[in-house]
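Down below is the structure, laid out as structure tokens.
No hydrogens, no waters, no symmetry mates; every other heavy atom, side chains included, goes into these values.
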Amino acid sequence: NYAWMSDSISENLKADLLKTGRFDVLDVTLLRKIDPGIQFANLDAQNASAFAQRLNCEVAIVGRFSVRKIGRKKEVV
């Protein structure tokens with residue numbers, strides 16, 4: 001039910017970074033062309049940094065969200 005958040009958050013972040021004019025942003029499609037074997041679901045700070053260095057990038061942003069239940073009905077994202 002929350003899959004839309006993944007796309008929404010990343011698109012908004014990418015758009016805001018591009019608006020600054022200070023950053024070049026490589027999106028998932030391009031990264032998959034560069035390294036078809038990359039498993040984005042398994043990226044953490046350490047291997048994302050190594051991947052960024054391979055691409056001569058200064059910064060890599062990796063994020064996830066999770067959903068947990070509190071009580072019977074309430075979900076927290």
Side-chain angles (χ1 to χ4, degrees):
N1 293 339
Y2 296 101
W4 62 271
M5 286 182 65
S6 176
D7 292 335
S8 178
I9 291 169
S10 64
E11 288 301 316
N12 285 323
L13 178 60
K14 185 170 83 172
D16 286 350
L17 288 171
L18 287 170
K19 282 180 195 174
T20 69
R22 297 174 46 208
F23 303 99
D24 293 323
V25 177
L26 303 175
D27 69 4
V28 173
T29 305
L30 180 58
L31 293 176
R32 283 201 173 107
K33 287 180 182 178
I34 294 168
D35 185 349
I38 191 165
Q39 297 294 316
F40 291 102
N42 298 329
L43 280 180
D44 59 19
Q46 186 175 8
N47 55 19
S49 294
F51 188 64
Q53 285 179 338
R54 278 185 31 214
L55 298 172
N56 197 29
C57 295
E58 294 178 35
V59 176
I61 299 173
V62 178
R64 290 180 179 76
F65 68 89
S66 62
V67 179
R68 62 185 165 96
K69 288 192 176 202
I70 297 179
R72 292 183 176 193
K73 295 184 179 183
K74 186 173 182 180
E75 293 181 331
V76 177
V77 178

Under the side chain to side chain donor-acceptor pair (under 3.5 Å) test, residues paired with Glu11 that sit two or more places apart
none

Minimum heavy-atom distance between Phe23 and Leu18, given as atom pair plus value
O-CD2, 4.0 Å

For Asp16, give me all partners under side chain to side chain donor-acceptor pair (under 3.5 Å), at least two apart in sequence or on another chain.
none

Can you find a pair of side-chain heavy atoms, one from Leu55 and one from Asp35, that are under 4.5 Å apart?
no

Quick check: closest heavy atoms across Leu17 and Thr20, and the distance to 0.1 Å?
O-OG1, 2.7 Å

Does Asp24 have more than 12 heavy atoms from other residues, nucleotides or ligands lying within 6.0 Å of its CG?
no

